[in-house]
Amino acid sequence: MAEIVNLRRARKDKARRDRESEADANRRRFGRTKAEKSADKDTETRARQSLAGKRLEPEKP
């Protein structure tokens, strides 16, 4: 026989899991120090400038 499930509890448990996964994503996204953010920005800028310097033709506006 199948297990009896309280649908209200199952719905609340699913909502709780969804909120927890969203909170985890937000922690990863916004929970960084200023030094980490600036290091990532510097790395991205350096990579972009390096790639732009290797272009054969300058980018047209």
Side-chain angles (χ1 to χ4, degrees):
M1 293 190 71
E3 183 179 340
I4 298 174
V5 177
N6 185 339
L7 295 178
R8 179 177 45 115
R9 179 168 303 284
R11 187 171 54 246
K12 286 183 178 183
D13 288 342
K14 181 183 182 301
R16 183 176 294 117
R17 283 191 308 269
D18 291 344
R19 285 194 313 267
E20 288 174 0
S21 67
E22 184 177 352
D24 185 43
N26 284 340
R27 275 187 226 108
R28 274 189 250 120
R29 189 190 211 177
F30 299 110
R32 299 184 307 154
T33 63
K34 191 172 187 177
E36 290 172 334
K37 290 177 188 178
S38 66
D40 287 347
K41 185 178 178 184
D42 291 343
T43 303
E44 181 183 337
T45 303
R46 225 177 270 118
R48 190 177 316 124
Q49 288 176 348
S50 174
L51 183 62
K54 295 176 183 174
R55 290 184 188 266
L56 297 177
E57 297 177 6
E59 190 173 313
K60 296 179 181 178

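The figures here come from the full heavy-atom set of this structure, side chains too, leaving out hydrogens, waters and symmetry mates.
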query = Judged by atom type as modelled, is there a donor-acceptor pair below 3.5 Å linking the side chain of Thr43 to the main-chain atoms of Ala39?
reply = yes
All pairs passing side chain to side chain donor-acceptor pair (under 3.5 Å) where residues 4-13 contributes a residue, at least two apart = Asp13-Arg16
key: Summary of salt bridge (charged side-chain N to carboxylate O under 4.0 Å, His left out) pairs that have at least one residue in residues 30-39, sequence neighbours excluded   = Arg32-Asp40
key: Approximate separation, where rounding is to 0.5 Å, of Arg17 CZ and Glu22 CD   = 15.0 Å
task = State the CD-CZ distance between Glu20 and Arg27, to the nearest 0.5 angstrom.
result = 8.5 Å
note = So CZ of Arg46 and NZ of Lys41: to nearest 0.5 Å the spacing works out to 12.5 Å
